[in-house]
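Counting starts at 1 for both ligands and their atoms, in listed order. Here the structure is a predicted model, which means the values were calculated and not measured.
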Amino acid sequence: MLLLKTIAETWNACERMRTAGKTLGLVPTMGALHQGHLSLVRAAQASCDAVAVSIFVNPTQFGPKEDFAGYPRSLEQDCRTLEAAGVDLVFTPSAAEMYPNGASTFVEVAGLSDRLDGASRPGHFRGVATVVAKLLHIFAPERAFFGQKDAAQIAVLGKMVRDLQFPVRLEVCPTVREPDGLALSSRNSYLSDEQRRQALVLYRALLAVQQQLHGGEHDPGKLIAAAMRILDEEPAVRVDYFSIVDPETLEDVLDVRPGAALVAVAALVGATRLIDNLPL
Ligand code: AMP
């Protein structure tokens with residue numbers, strides 16, 4: 001496994017793969033790897049000749065009061081995990097490598113970036129779009145793999161790839177959950193046992209919407225009200241948003257139809273912001 005820290009080395013390694021006729025799959029991550037990340041690696045291995053993983057806690061996607069400094073980091077363990085998984089290349093740049101002095105060019109996906117998490121985290125999706133554009137530029141992969149877990153991110157990146165005509169296919173992999181339904185997240189390590197139990201209400205509320213929809217309820221107001229009653233069972237969980245949206249535009253849907261909507265939630269459990277969603 002190649003372990004590279006500079007853009008120049010990574011660029012050259014990818015060029016060698018292309019010359020050898022290999023297709024490349026890219027899995028961008030912020031590290032603190034779990035089975036969700038590894039599911040993306042396996043999906044990439046299933047459809048590409050070579051797989052690269054980037055590990056970069058991207059400062060530009062964190063707000064000034066967010067958890068950039070404390071974000072879980074476990075680089076050595078992550079590299080061992082990726083080597084055992086058979087990954088070909090791991091890219092672990094420094095912030096100075098990705099944002100050299102004076103870097104002031106950003107990618108802004110207008111409109112979409114202000115919805116869902118973008119509404120509560122101003123500038124977040126500008127940071128995400130910028131770093132992913134840079135990674136697509138460095139690796140020029142045939143395919144890039146992302147988790148359904150970050151549904152708004154998928155919408156933003158899909159629009160960016162279409163608008164900027166990146167020659168890459170974005171692949172979306174299903175959310176990996178704990179057996180009790182909690183979506184895997186690097187931030188779950190912040191939770192106490194009690195908070196972890198409280199956080200399960202998020203998935204219960206999402207499932208309730210899915211069940212009511214299958215039962216014939218299409219009114220988003222009624223579906224959301226039913227979910228909020230469930231969320232009220234855990235007063236320690238403070239809801240940021242609970243929305244039923246079009247998965248591409250992230251705009252609220254007025255009539256919820258299976259196959260054309262996404263129910264998404266963000267909430268604070270203690271100081272930890274968790275997100276989850278279900279495609280309906
Ligand atoms: P992160 O390291 O949190 O930025 O996530 C890197 C990638 O892994 C993103 O595409 C996420 O959507 C994806 N991911 C994170 N958690 C999960 C999960 N539980 N299931 C599937 N993919 C996930």
Handout entry: Pi-cation contact, F139 with K134 (under 6.0 Å, within 45°)
Key = no
Practice task
Identify, with sequence neighbours excluded, every residue that meets side chain to side chain donor-acceptor pair (under 3.5 Å) alongside D163.
Solution key: K159
Exercise for the section: Sorted by first residue and then second, give each side chain to side chain donor-acceptor pair (under 3.5 Å) pair with at least one member in residues 47-56; sequence neighbours left out. Expected result: T23-D49
Exercise for the section: Using the ring of F68 (Phe, Tyr or Trp, six-membered ring only), decide whether R73 places NZ or CZ under 6.0 Å from its centre and within 45 degrees of its axis. Expected result: yes
List of N/O pairs, ligand 1 versus protein, all under 3.5 Å?
{"residue": "ligand 1", "atom": "2 (O)", "partner": "M30", "partner atom": "N", "Å": "2.9"}
{"residue": "ligand 1", "atom": "2 (O)", "partner": "H37", "partner atom": "NE2", "Å": "2.9"}
{"residue": "ligand 1", "atom": "5 (O)", "partner": "H37", "partner atom": "NE2", "Å": "3.4"}
{"residue": "ligand 1", "atom": "10 (O)", "partner": "G147", "partner atom": "N", "Å": "2.9"}
{"residue": "ligand 1", "atom": "12 (O)", "partner": "G147", "partner atom": "N", "Å": "3.2"}
{"residue": "ligand 1", "atom": "12 (O)", "partner": "G147", "partner atom": "O", "Å": "3.2"}
{"residue": "ligand 1", "atom": "12 (O)", "partner": "D150", "partner atom": "OD1", "Å": "2.7"}
{"residue": "ligand 1", "atom": "16 (N)", "partner": "L184", "partner atom": "O", "Å": "3.4"}
{"residue": "ligand 1", "atom": "19 (N)", "partner": "V176", "partner atom": "O", "Å": "3.0"}
{"residue": "ligand 1", "atom": "19 (N)", "partner": "L184", "partner atom": "O", "Å": "2.9"}
{"residue": "ligand 1", "atom": "20 (N)", "partner": "V176", "partner atom": "N", "Å": "2.8"}

Handout entry: E9: partners by side chain to side chain donor-acceptor pair (under 3.5 Å), with sequence neighbours left out
Key = T6
Fill in the blank from the handout: CD1 (I244) and CZ (F242) are apart, to the nearest 0.5 Å, by 6.5 Å
